[in-house]
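Written below as structure tokens is the structure these notes are about.
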Amino acid sequence: MKMDNTMPLEYQTEQSRLNIFGFWVFLGAEIMLFGTLFASFFTLEGRTGSGPTGAEIFEITPVLVETFLLLTSSFTIGLGVHAMRIANKKAMIAFFSITLILGLGFLGFEIFEFIHYVHEGAGLQASAFTSILLTTLGTHGAHVTFGLFWGLFIILQVKKRGLTPETANKSFIFSLYWHFLDVVWIFIFSFIYLKGMM
Amino acid sequence: MDFFDRFAIPHPSPVIYASMVAIGLTVIAIVAGLTYFKKWGYLWREWITTVDHKRIGIMYLLSALLMLFRGGVDALMMRAQTAVPENTLLDAQHYNEIFTTHGVVMIIFMAMAFIIALMNFVVPLQIGARDVAFPRLNNLSFWLYFMGAMLFNLSFVIGGSPSAGWTSYFPLAGNEFSESVGTNYYMLAIQISGIGTLMTGINFIATILKMRAPGMKLMKMPMFTWSALITNLIIVFAFPVLTVALAMGTMDRLFGSNFFTTTDGGMDMLWANLFWVWGHPEVYILILPAFGIYSEIIPTFARRNLYGYKSMVASMVLISLLSFFVWVHHFFTMGQGALVNSIFSISTMAIAVPTGIKIFNWLFTLWKGKIKFTVPMLYSLGFLPIFTIGGVTGVMLGMSAADYQYHNTMFLVAHFHLVIIPGVVFAMIAGLTYWWPKMFGFMLNERIGKWTFWFIAGGTCLAFFPMFISGLDGQARRMYTYSEATGFGIWNMLSFIGALGLAAGFVLLVYNIYYSTRYASRDIGDDPWDARSLEWATHNPVPEYNFAITPQVNSSEAFWDSKKNGHTLFKGDYKEIHMPNNSGVPFIMSIIFFVLGFALVFSMWIVAIVSLIGIFACLAHRSFEKDHGHHISVEEIEKTEAEMRGAK
């Protein structure tokens with residue numbers, strides 16, 4: 001394998017660079033996916049039928065906690081990647097673990113929020129608005145859930161195999177994914193919750 | 001027995017029972033044949049688990065041909081039913097099912113597979129790469145596509161086919177009006193195959209942008225590679241829209257959500273919009289690679305270099321951008337108002353400009369060329385006039401005011417078949433014939449090929465020109481019959497005869513493959529067409545590693561330069577080559593996807609959950625797996641190269 005030692009560990013092999021580039025393209029597709037969900041959300045937002053409106057069911061406290069947890073996790077995974085670049089395996093695993101715990105906390109609050117919605121009569125079937133609301137939030141939540149497992153696998157691999165060009169590459173790509181979910185959440189927070197509560 | 005009732009066909013007919021028997025017998029014959037000839041191991045090692053882009057391309061190709069016949073039978077049945085007024089060959093429900101499956105099979109499972117087949121085979125060779133960027137993902141893409149296609153075709157014999165049209169508009173496609181599981185099949189089969197297509201898109205963007213041979217700048221790429229790049233960009237930006245739309249449709253049907261319903265705020269037009277936001281770019285996903293193929297074939301057989309390389313690229317980029325801004329023209333009559341319709345009218349007609357530029361570029365390439373009338377060239381020359389007729393009638397349809405007259409008539413059917421058939425089908429057969437020697441090491445028979453061309457080209461014209469007339473006269477599409485007093489009978493009979501001609505053409509195509517496999521000469525050299533781009537610089541058939549030495553490129557026709565101007569393509573000595581390993585996991589994962597889809601179609605939740613866990617297990621396996629590929633040593637390369645040269 002050809003190695004380019006002038007680059008960070010995760011970029012050193014040809015395949016690593018391809019993986020990172022390919023993942024960026026994948027994120028482009030993900031932007032379209034969430035973009036479509038947002039466009040549909042804006043279309044169906046006011047079509048509440050016999051179900052509740054956003055202003056009636058949204059509560060600021062759990063949403064703020066979720067936002068805080070997820071934004072912090074984006075910061076800690078950044079620290080994790082920094083630790084990886086200075087070859088501090090222990091710190092990296094610690095920061096990645098903190099990230100996943102914060103993600104788990106986010107997911108817990110989101111599940112709590114969903115149960116709350118169903119109790120308020122805002123289940124998937126209530127109206128077009130609740131259908132798209134739960135689908136958009138659920139798609140993001142499913143991504144976070146997937147990320148938790150993925151992140152866990154990566155931590156296990158780093159722990160066992162150490163920081164190699166391969167594990168570093170995987171970790172870096174995972175961090176891109178995690179940051180992306182954070183960006184999506186910022187849009188959800190601004191254009192679904194805040195706009196809905198106004 | 002309630003549990004089993006749902007698997008029954010809601011509208012059984014002798015044709016369906018006969019197909020069940022035929023499918024059963026075919027499966028038994030294949031299994032028995034493989035066992036008898038002891039080919040299971042070979043099939044598994046060399047094909048099912050392969051990560052070689054060339055073999056994956058060939059598998060796509062075979063699947064596409066299979067689907068061509070599946071969709072073709074639907075087409076013949078439709079034409080037969082409408083050939084005479086008040087025909088009773090098929091009932092209304094059965095007719096609805098076959099025009100739905102004809103559309104889906106031809107677009108999603110035939111045309112898409114065909115273009116991906118040729119992209120897979122040709123693009124890495126044209127850019128001088130050893131494989132695609134993510135070879136294993138490529139294998140997964142194929143199997144997801146294949147399992148999606150199989151799931152869709154299963155609907156014919158288990159549970160009933162979808163019958164809401166290939167556009168599957170809501171509320172017709174909702175539970176209220178489509179009670180059978182047919183539309184569930186539609187949603188899930190296309191979803192599974194669509195995931196595969198999206199991954200192909202990502203794979204080829206990375207391949208083309210990052211793996212080109214040294215010296216091949218973007219503006220020195222062969223035109224087919226350019227068209228593949230643009231196509232894959234459209235795939236990556238259009239398919240997620242379909243993913244979301246299909247997921248919403250699935251949820252409406254399975255979980256009672258209210259996206260596209262007519263109650264509780266649901267909005268049926270949202271489906272139409274989302275579908276066509278994907279659907280119109282999809283048209284260009286199909287046509288751009290076809291343009292790329294013509295741009296390879298015309299210069300080769302006109303013996304001139306391609307006229308207007310830069311404008312060819314620019315017009316493709318422009319088409320790809322415009323393709324995202326025209327979707328409303330599919331439903332001008334569905335209540336947007338004059339302003340919106342006018343905007344989309346103008347953007348639609350604007351697409352004719354870059355397309356026209358391409359047509360003129362091909363004409364100028366032909367101008368004063370020493371044209372050789374080979375089979376691929378015949379298709380290219382047939383494409384130019386027929387496609388132009390299809391195209392200008394499209395501009396007519398694009399005028400929203402006039403569209404109220406044409407909408408949903410046979411005029412529209414004539415238009416889109418006359419762009420898709422010369423555009424995509426001609427190009428695919430031309431490309432198939434052109435690259436066949438690269439794939440298999442022998443050429444298809446030219447004489448049979450020319451007969452095939454005349455049957456297909458003549459059949460196309462005879463089948464679809466009459467529809468312009470009956471359509472302008474008011475014959476609606478998707479009507480299973482009509483009265484004698486309408487006077488549509490004669491036009492539909494002509495169409496039927498044309499369809500038979502097309503069918504004869506496709507049968508000839510298969511006969512040609514059989515005939516050439518048996519009798520064609522294997523001694524054809526590496527470059528039988530005297531062609532211009534890099535794929536012809538390696539051996540026939542292509543060795544596993546494509547090029548023993550990575551080629552050096554200096555222009556968009558590097559191989560031509562090496563033949564005529566003394567450019568050295570291969571500099572240096574053999575070096576050890578790194579290749580990816582085969583893997584069975586993508587195949588297993590795709591089978592689990594198939595089971596998941598089937599379980600969801602019939603709302604079998606436990607099976608669905610178990611399958612989901614299975615899919616995650618495959619992903620986890622991939623995450624932990626250590627797979628560093630293997631190396632081909634210099635001795636092995638020397639041996640292979642010596643053998644290849646000796647064979648000539």
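Heavy-atom basis, side chains included; hydrogens, waters and symmetry copies ignored. In what follows, every chain begins at residue 1, and chains take the letters A, B, ... in the order their sequences are listed.
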Side chains of [X] and [Y]: closer than 4.5 Å at any heavy-atom pair?
X      : Y      : answer
A:E166 : B:H628 : yes
B:N258 : A:R47  : no
B:S623 : A:Q157 : yes
A:F34  : B:V244 : no
A:S131 : B:M251 : no
B:F239 : A:M32  : no
B:I202 : A:F23  : no
A:T135 : B:S257 : no

Checking [X] against chain A: side chain, backbone, both or neither under 4.5 Å from a heavy atom?
X      : answer
B:L209 : side chain
B:F616 : side chain
B:M211 : side chain
B:L233 : neither
B:L270 : side chain
B:L274 : side chain
B:A238 : neither

Surrounding [atom1] of [X] (heavy atoms of other residues, nucleotides or ligands, distance under 6.0 Å), is the total greater than 12?
X      : atom1 : result
B:Y574 : OH    : yes
A:F68  : CZ    : no
A:H82  : NE2   : no
A:F189 : CZ    : yes
A:F75  : CZ    : no
A:K89  : NZ    : yes

Ring-ring centroid check B:F624 A:F153, cutoff 6.0 Å: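 Close enough - the centres of the two rings lie under 6.0 Å apart.
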Starting at CH2 of A:W24, measure out to CD1 of B:I205 and round the result to the nearest 0.5 Å.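 Output value for this atom pair is 15.0 Å.
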Where does [X] contact chain B at under 4.5 Å (heavy atoms): side chain, backbone, both or neither?
X      : value
A:K160 : neither
A:A39  : neither
A:F21  : side chain
A:L44  : side chain

Minimum-distance pair of heavy atoms, taken over all atoms of [X] and [Y]:
X      : Y      : result
A:V25  : B:V236 : O-CG1, 3.9 Å
A:A29  : B:P240 : O-CG, 3.3 Å
B:A206 : A:G22  : CB-CA, 4.5 Å
B:A133 : A:Q15  : O-NE2, 3.2 Å

Would A:R161 and B:K626 satisfy side chain to side chain contact (heavy atoms under 4.5 Å, CB included), going step by step from the backbone distance to the final call? CA-CA 11 Å; A:R161 298 174 195 168; B:K626 281 185 191 166; 3.3 Å; yes
Start with the C-alpha gap between B:L619 and A:W150, add the side-chain angles, then the distance that decides, and say whether side chain to side chain contact (heavy atoms under 4.5 Å, CB included) holds. CA-CA 9 Å; B:L619 290 171; A:W150 185 11; over 6 Å; no
Within the side chain of A:Q125, is there an N or O that forms a donor-acceptor pair under 3.5 Å with the backbone of B:F255?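 Indeed, once roles are kept as given, a pair shorter than 3.5 Å links the two residues.
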Is it the case that the side chain of A:S127 and the backbone of B:D264 share a donor-acceptor pair, with hydrogens and angles ignored and the cut-off at 3.5 Å?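 Side chain of A:S127 to backbone of B:D264: no pair is present.
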